[in-house]
Asker: 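To start, I am sharing the structure in question, which I have written as structure tokens.
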Amino acid sequence: MTKPENFDEYIAAFPVETQKRMKQIRATVKKAAPQAEEVISYGMPSFRLNGRLLYFAAFKNHIGFYPMATGVEAFRSLLSDYKWAKGSIQFPLSKPVPTDLITNIVKFRVMENLSKAKKTAPKKTVK
């Protein structure tokens, strides 16, 4: 696969069934974080909002979903049906896309990034 320049190019490089799942994940993330920017980073689809929000990528048997370590840890109790590690979750192609779980993770990450942005914003000085 040549390095894609946008989400559509990335998704188009996979089998139709995988494309459907990736489009579903993309739509779910966009609905949960409509202000997030779509970019290709590290050769895979990524969403940014005041920093990195999440990544996802297709593989032979699953879609890797990368909501950073905090996004996985916060939902650890809901991940027993999936393989997961510190910053990643594997959604098998043989199971339905867990849109409710993805929505909740994305909303958590949005709040986390917005909170982080407020803490690091420069303070205005009064003259």
Side-chain angles (χ1 to χ4, degrees):
M1 177 194 300
T2 59
K3 187 174 178 181
E5 293 192 23
N6 57 52
F7 273 39
D8 293 326
E9 285 182 13
Y10 182 90
I11 291 170
F14 291 91
V16 173
E17 284 305 311
T18 304
Q19 288 181 31
K20 287 179 185 176
R21 292 174 183 283
M22 286 192 291
K23 288 177 182 178
Q24 191 175 10
I25 290 171
R26 179 187 193 183
T28 300
V29 173
K30 287 177 77 166
K31 185 175 180 182
Q35 65 278 45
E37 174 189 13
E38 292 184 347
V39 297
I40 296 293
S41 181
Y42 300 106
M44 62 183 142
S46 173
F47 286 90
R48 289 187 185 159
L49 178 64
N50 293 337
R52 297 176 297 166
L53 197 59
L54 63 91
Y55 299 82
F56 68 96
F59 297 91
K60 182 178 179 182
N61 296 312
H62 71 276
I63 293 179
F65 188 74
Y66 309 98
M68 310 307 146
T70 56
V72 173
E73 186 60 34
F75 294 88
R76 192 176 185 170
S77 65
L78 302 176
L79 301 178
S80 61
D81 290 342
Y82 309 101
K83 289 182 182 178
W84 59 274
K86 184 178 178 180
S88 65
I89 306 166
Q90 293 183 10
F91 298 133
L93 296 176
S94 60
K95 293 184 178 182
V97 173
T99 54
D100 289 343
L101 176 61
I102 291 170
T103 296
N104 289 331
I105 292 171
V106 171
K107 287 181 178 181
F108 171 83
R109 289 288 299 128
V110 166
M111 293 302 296
E112 190 172 47
N113 277 15
L114 291 177
S115 173
K116 180 175 66 175
K118 287 179 184 176
K119 289 179 185 174
T120 60
K123 302 208 186 281
K124 294 181 180 178
T125 57
V126 178
K127 293 184 180 182

Asker: OG/Ser94 to NE2/His62 distance, rounded to the nearest 0.5 angstrom?
Answerer: 11.5 Å
Asker: Any chance you could lay out the side-chain contact (heavy atoms from CB on, under 4.5 Å) test for Glu9 and Ile40, step after step, and finish with the verdict?
Answerer: CA-CA 10 Å; Glu9 285 182 13; Ile40 296 293; over 6 Å; no
Asker: Just so I know, are the side chains of Ile11 and Lys23 near enough to count as touching, which here means a heavy-atom distance under 4.5 Å?
Answerer: yes
Asker: Can you find a pair of side-chain heavy atoms, one from Arg76 and one from Trp84, that are under 4.5 Å apart?
Answerer: yes
Asker: Indicate yes or no: at least one non-hydrogen side-chain atom of Val97 is less than 4.5 angstrom from one of Lys20.
Answerer: no
Asker: Measure from the side-chain N and O atoms of Asn113 to the backbone N and O of Arg52, and report whether any donor-acceptor pair falls under 3.5 Å.
Answerer: yes
Asker: Hey, are the side chains of Ile105 and Phe65 touching, using non-hydrogen atoms and a 4.5 Å cut-off?
Answerer: yes
Asker: Return the minimal non-hydrogen interatomic distance between Pro92 and Arg21, and the atom names on each side.
Answerer: O-NH1, 4.5 Å
Asker: Side-chain heavy atoms under 4.5 angstrom apart, residues restricted to Ile, Leu, Val, Met, Phe, Trp, Tyr: same cluster for Ile25 and Val39?
Answerer: no
Asker: Determine whether Met22 and Ile63 satisfy the following criterion, side-chain contact (heavy atoms from CB on, under 4.5 Å), listing intermediate values before the conclusion.
Answerer: CA-CA 8 Å; Met22 286 192 291; Ile63 293 179; 3.7 Å; yes
Asker: Quick one: NZ on Lys30 to CD on Gln35, what's the gap to the nearest 0.5 Å?
Answerer: 12.5 Å
Asker: Between Phe14 and Tyr10, what is the ring plane arrangement, given parallel below 30°, perpendicular above 60°, and tilted in between?
Answerer: tilted
Asker: Within the structure provided, determine whether Thr99 and Lys31 are in side-chain contact (heavy-atom separation under 4.5 Å).
Answerer: no
Asker: If Ile, Leu, Val, Met, Phe, Trp and Tyr residues are connected whenever their side-chain heavy atoms lie under 4.5 Å apart, and connections chain through other members, are Phe108 and Leu78 in the same group?
Answerer: yes
Asker: Could you grab the distance from atom CG of Leu49 to atom CE of Met111, nearest 0.5 Å is fine?
Answerer: 11.0 Å
Asker: Distance check, rounded to the nearest 0.5 Å: Glu112 atom CD versus Leu53 atom CG?
Answerer: 9.5 Å
Asker: Return the orientation label for the Tyr55 and Tyr42 ring planes: parallel under 30°, perpendicular over 60°, tilted otherwise.
Answerer: tilted
Asker: Flag yes if more than 12 heavy atoms outside Arg26 fall under 6.0 Å of its CZ atom; otherwise flag no.
Answerer: yes
Asker: Under 4.5 Å between any side-chain heavy atoms of Pro67 and Val72, yes or no?
Answerer: yes
Asker: What distance do Phe47 atom CZ and Glu38 atom CD have between them, rounded to the nearest 0.5 Å?
Answerer: 4.5 Å
Asker: Look up atom CZ in Phe7 and atom OG in Ser46, then write down how far apart they are to the nearest 0.5 Å.
Answerer: 6.5 Å
Asker: Would you say Glu5 has more than 12 foreign heavy atoms packed within less than 6.0 Å of its CD?
Answerer: no
Asker: Given side-chain contact (heavy atoms from CB on, under 4.5 Å), test Lys116 with Asn50 step by step and report yes or no.
Answerer: CA-CA 8 Å; Lys116 180 175 66 175; Asn50 293 337; over 6 Å; no
Asker: I'd like to know whether Ile102 forms a side-chain contact (heavy atoms from CB on, under 4.5 Å) with Phe91, so could you lay out the CA-CA distance, the side-chain angles of the two residues, the decisive distance to 0.1 Å, and finally the verdict.
Answerer: CA-CA 10 Å; Ile102 291 170; Phe91 298 133; 3.8 Å; yes
Asker: I'd like to check Arg109 versus Leu54 (side-chain heavy atoms, cut-off strictly below 4.5 Å). Are they in contact?
Answerer: no
Asker: Looking at side-chain heavy atoms only, is the closest gap between Val106 and Thr28 below 4.5 Å?
Answerer: no
